[in-house]
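Following: one structure in structure tokens, then a few remarks.
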Amino acid sequence: MATPYYVCFVCTGNICRSPMAESVFRARVAEAGLAGLVEAESAGTGGWHEGDPADPRTVSVLDEHGYETSHTARQFRASWFARLDLVIALDEGHLRELRRLAPTPAEAAKVRLLRSYDPRAVADLEVPDPYYGGREGFEECLEMVEAASEGLLDAIRDERERAA
């Protein structure tokens, strides 16, 4: 069996956007029959919420749309770059912070914005933080994550085929 391809989704506190992206992407991986070949996880750039579950609004929106909701927040560590194939940032601030954190230029190149995989997202590639707003922000976040997840999975498939 091929070595799994490891993806980590990263937002600020790992309780809203990145756990949502992880859950949606895992569902896409399973639907594509790639469970065990593509592994997804998530983390935050900060450790404020380490050990906490996802925000209740994230859980509610995921649950309503049929996605997995179990999650424990954690902080991203620079040492993880060595085992990850791709690090997916949810906004420009995360992108910059993760690239600064990367031990080498090659590892910094592993960091990409999630919405860069959504062909319809041309101008603004950020997934806005819904934390300080109402439920509609979480719904909007889910729509953006779903729109980019298929393109991300296609890009990983293409990369795996080229490497084979």
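In this text, all values refer to a predicted model and were calculated from it rather than measured experimentally. When a residue number appears, it is its place in the shown sequence, counting from 1.
One finds the OG atom of Ser79 at 10.0 Å from the CD atom of Glu107 (value rounded to the nearest 0.5 Å). Interatomic distance, CG of Asp52 versus CD1 of Ile15, reported as 7.0 Å (0.5 Å rounding). The line from CD of Glu143 to CD of Glu136 is 11.5 Å long, rounded to the nearest 0.5 Å. Rounding to the nearest 0.5 Å gives a distance of 7.0 Å between CG of Asp129 and SG of Cys11.
When the options Arg160, Arg157, Glu159 are evaluated for a side-chain hydrogen bond (donor to acceptor under 3.5 Å, both in side chains) with Tyr5, the one that passes is Glu159. Screening His49, Glu41, Glu50 for a side-chain hydrogen bond (donor to acceptor under 3.5 Å, both in side chains) involving Arg74 leaves a single residue, Glu41. With Val111 as the partner, the side chain to side chain contact (heavy atoms under 4.5 Å, CB included) test is satisfied by one option alone out of Val87, Val10, Leu101, Leu86: Val87. When each of Leu90, Val127, Leu125 is paired with Leu113, the side chain to side chain contact (heavy atoms under 4.5 Å, CB included) condition holds for Leu125 and for no other.
Nearest approach of Ala148 to Tyr117, heavy atoms of both residues: O-CB, 3.6 Å. In terms of heavy-atom proximity, Ala43 sits nearest to Phe76 at CB-N, 3.6 Å. Across all non-hydrogen atoms, the minimal contact from Phe138 to Pro130 is CE1-O, 3.3 Å. Here the closest heavy-atom approach between residue Arg112 and residue Ser116 is recorded as CB-OG, 4.5 Å. In terms of heavy atoms, Cys16 sits closest to Thr58 at CA-OG1, 3.3 Å. Shown here for Pro19 and Leu62, the closest heavy-atom pair between the two residues is O-CD1, 4.4 Å.
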Before you tell me yes or no, could you show the steps for Glu139 and His65 under side chain to side chain donor-acceptor pair (under 3.5 Å), namely the whole-Å CA-CA distance, both residues' side-chain angles and the distance that decides it to 0.1 Å?
CA-CA 10 Å; Glu139 290 284 354; His65 292 272; 3.1 Å; yes

Candidate pair Ser42 and Asn14, rule side chain to side chain donor-acceptor pair (under 3.5 Å), full reasoning:
CA-CA 7 Å; Ser42 65; Asn14 192 218; 2.9 Å; yes

I'd like to know whether His94 forms a side chain to side chain contact (heavy atoms under 4.5 Å, CB included) with Ser18, so could you lay out the CA-CA distance, the side-chain angles of the two residues, the decisive distance to 0.1 Å, and finally the verdict.
CA-CA 11 Å; His94 306 132; Ser18 59; over 6 Å; no

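Inter-residue side-chain proximity for Glu22 and Val7 is flagged as unmet; no heavy-atom pair is nearer than 4.5 Å. With a 4.5 Å cut-off on side-chain heavy atoms, Phe25 and Ile156 count as touching. Side-chain atoms of Arg115 and Glu126, non-hydrogen and from C-beta on, never get closer than 4.5 Å to each other. Contact check for Asp118 versus Met144: no side-chain heavy atoms found under the 4.5 Å cut-off. Counting heavy atoms from C-beta outward, Tyr67 and Glu146 have side chains that approach closer than 4.5 Å. Here the side chains of Lys110 and Asp85 are not in contact, with every heavy-atom distance at 4.5 Å or above. Side-chain contact between Met20 and Cys141 is present, with heavy atoms from C-beta onward closer than 4.5 Å.
A continuous path of Ile, Leu, Val, Met, Phe, Trp and Tyr side chains, each step under 4.5 Å between heavy atoms, connects Val145 with Val38, placing both in one hydrophobic cluster. Linking ILVMFWY side-chain heavy atoms closer than 4.5 Å, directly or via other members, places Phe81 and Leu95 in a single hydrophobic cluster. Cluster membership for Tyr6 and Leu114, using ILVMFWY side-chain heavy atoms within less than 4.5 angstrom, is not shared. Criterion: ILVMFWY side-chain heavy atoms under 4.5 Å apart, direct or through other members. Under it, Leu84 and Leu37 are not part of a common hydrophobic cluster. In the hydrophobic cluster analysis, where Ile, Leu, Val, Met, Phe, Trp and Tyr join through side-chain heavy atoms closer than 4.5 angstrom, Phe9 is grouped apart from Val59.
In the displayed structure, Arg83 atom CZ is contacted under 6.0 Å by more than 12 heavy atoms of other residues, nucleotides or ligands.
Cation-pi contact between Arg57 and Tyr131: present, with separation from the ring centre below 6.0 Å and deviation from the ring axis of at most 45°.
Side-chain N/O atoms of Arg17 and Thr12 include a donor and acceptor closer than 3.5 Å.
At least one donor-acceptor pair closer than 3.5 Å links the side chain of Glu68 to the backbone N or O of Ser70.
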